[in-house]
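Computation of the quantities below employed the complete heavy-atom set of this structure, encompassing side-chain atoms and omitting hydrogens, waters and symmetry-equivalent molecules. Labels below follow one simple rule: chain letters A, B, ... track the order of the sequence lines, proteins then strands, and each chain is numbered from 1.
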Amino acid sequence: METRPYFIAGDLLCSLLVGGVTGVAAIATFSEAWPMPAAMLVGMLLGMAVAAVGILAFGRFFGMIELQMPAMLSGMLAGMIVAMIVTRRPLPPSTGAILGGVLGLATFVAVWLADAWLSGDGARWTR
Amino acid sequence: MDALTRRKWDRAAGAFDFINGLGAERRWWPVKHEFFSAMRGKVLFVAVGTGLDIGHFPPGLEIVGIDISDKMLEKARPRVEAYAGAMTLRHLDVHDLDYPAGTFDQVFTSCTFCSVTDPVRGLEAVRRVLKPAGELHMFEHTGSRYFPFNALLHLMNPIARLTGPEINRDTVDNVRRAGFDLVEVRHAFLDVVKTIHAVAPSPRVADPLHPEQIPLQLDEPLLVAPSDGL
């Protein structure tokens with residue numbers, strides 16, 4: 001599991017930015033006129049596109065393969081959730097940014113905990 | 001030689017160090033340093049790329065580095081010349097390994113079998129050139145067994161494979177299917193980035209890849225102790 005501050009900060013920053021930008025983009029894209037399932041699906045794709053940009057921007061400094069997991073999941077989740085809410089009631093862009101950022105933070109923590117579980121000593125096996 | 005794969009990696013050679021030479025190398029430095037410290041004897045390094053990993057190699061070894069891309073090999077040449085041992089490079093596809101059976105003590109790979117067109121056939125070719133009980137050491141990124149990581153990797157794979165590797169392969173299973181005995185798998189990031197240690201089977205039974213060898217009669221199984229934790 002990653003414990004070095006440089007990489008934790010990089011992964012976290014990328015997830016926060018991807019989540020926040022996706023939240024704002026989702027608010028700019030969707031409205032109450034959208035059917036919720038379609039908005040959630042397109043929102044997820046929108047989040048993937050934002051994450052791809054984030055991964056390209058941050059990947060050189062923090063490693064693309066490791067960065068892509070939290071960043072891509074942050075984008076997908078933020079896009080889906082914010083799009084879902086916007087089809088019910090309008091939100092200001094700042095709320096979208098905060099909500100997306102919080103989802104990015106939650107995703108980063110979940111991936112970090114999953115990594116701690118999967119790459120710990122218990123995950124090593126021999127045969 | 002697989003022309004499509006060769007062209008893909010020739011194209012990637014120009015920006016390879018720019019993309020991978022800083023963050024990824026720094027992130028995996030401790031894992032790779034320990035991983036490559038296991039090098040012993042005559043070693044085949046499959047897919048040497050631009051030679052970013054050569055800095056981890058212990059000095060004084062006899063190493064052959066191969067790669068499908070001659071553009072990658074051009075970039076690797078200064079790093080090979082700086083290596084304090086006997087390292088040679090060959091432009092060669094792993095599927096077409098032309099060394100006699102049982103040439104190498106060990107084979108090392110680093111993010112290689114995500115890109116080999118037919119991974120099981122490539123690993124069988126690797127097994128053929130290994131001595132009996134010769135070791136295969138792999139540092140690879142693979143697919144995941146766990147949701148949502150497996151779904152994400154499957155979803156992103158069609159895009160990833162256009163520019164470089166496949167990101168959803170079950171490389172551990174491919175190693176098994178190629179006839180290796182697995183010794184140890186260690187996860188470095190989730191269950192996606194991992195090291196795999198396997199051995200070519202000792203000729204206790206007739207091996208079609210080593211027909212010249214007389215099967216040994218061993219009463220005890222070969223035991224290999226796992227190394228210490230990361």
Side-chain angles (χ1 to χ4, degrees), chain A residues 1-11 13-14 18 41 44-45 47-49 51-77 79-80 106-108 110-127, chain B residues 15 17-31 111 114 140-142 144-153 155-156 159-160 163-165 167 172 175-176 180-199 223-230:
Chain A
M1 122 187 131
E2 186 58 72
T3 55
R4 291 165 293 179
Y6 173 82
F7 291 105
I8 291 175
D11 294 351
L13 184 62
C14 187
V18 166
L41 182 67
M44 194 176 77
L45 295 172
M48 289 178 77
V53 175
I55 292 164
L56 284 173
F58 281 73
R60 170 169 155 70
F61 304 100
F62 302 100
M64 283 206 184
I65 289 174
E66 305 73 33
L67 200 68
Q68 76 182 357
M69 283 296 186
M72 197 57 81
L73 288 170
S74 295
M76 290 166 77
L77 193 66
M80 205 165 61
T107 306
F108 165 79
V111 172
W112 193 84
L113 290 174
D115 183 35
W117 173 55
L118 286 171
S119 67
D121 281 347
R124 196 180 69 201
W125 55 270
T126 59
R127 184 170 289 183
Chain B
D17 281 3
F18 178 80
I19 294 168
N20 297 293
L22 187 63
E25 278 306 297
R26 198 170 159 191
R27 191 185 283 259
W28 295 122
W29 194 93
V31 178
C111 298
C114 49
E140 299 283 341
H141 62 87
T142 68
S144 173
R145 284 180 294 169
Y146 299 99
F147 183 84
F149 310 117
N150 50 4
L152 183 63
L153 290 167
L155 198 63
M156 290 166 62
I159 299 163
T163 53
I167 56 177
V172 175
V175 170
R176 255 194 230 109
F180 282 95
D181 292 335
L182 282 168
V183 176
E184 186 182 60
V185 176
R186 288 161 71 170
H187 298 162
F189 172 64
L190 297 171
D191 63 336
V192 173
V193 180
K194 59 186 65 157
T195 58
I196 303 166
H197 178 196
V199 291
L223 292 176
V224 182
S227 56
D228 293 336
L230 288 174

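A donor-acceptor distance shorter than 3.5 angstrom exists from the side chain of Ser119(A) to the backbone of Met1(A), with no hydrogens or angles considered. In this structure, His197(B) contributes its side chain and Val183(B) its backbone to no donor-acceptor pair below 3.5 Å. Between the side chain of Asp11(A) and the main chain of Pro70(A), no donor-acceptor pair closer than 3.5 Å is present.
Of the two parts of Tyr146(B), only the side chain, counted from C-beta on, holds a non-hydrogen atom closer than 4.5 Å to a non-hydrogen atom of chain A. With a 4.5 angstrom heavy-atom cutoff, Leu152(B) touches chain A only via side-chain atoms. Phe58(A) does not touch chain B: none of its heavy atoms, backbone or side chain, sits under 4.5 Å away. With a 4.5 Å cut-off on non-hydrogen atoms, Leu153(B) touches chain A through its side chain but not through its backbone.
Of all the heavy atoms in Phe7(A) and Arg26(B), the pair that sits closest is CZ-C, 3.7 Å.
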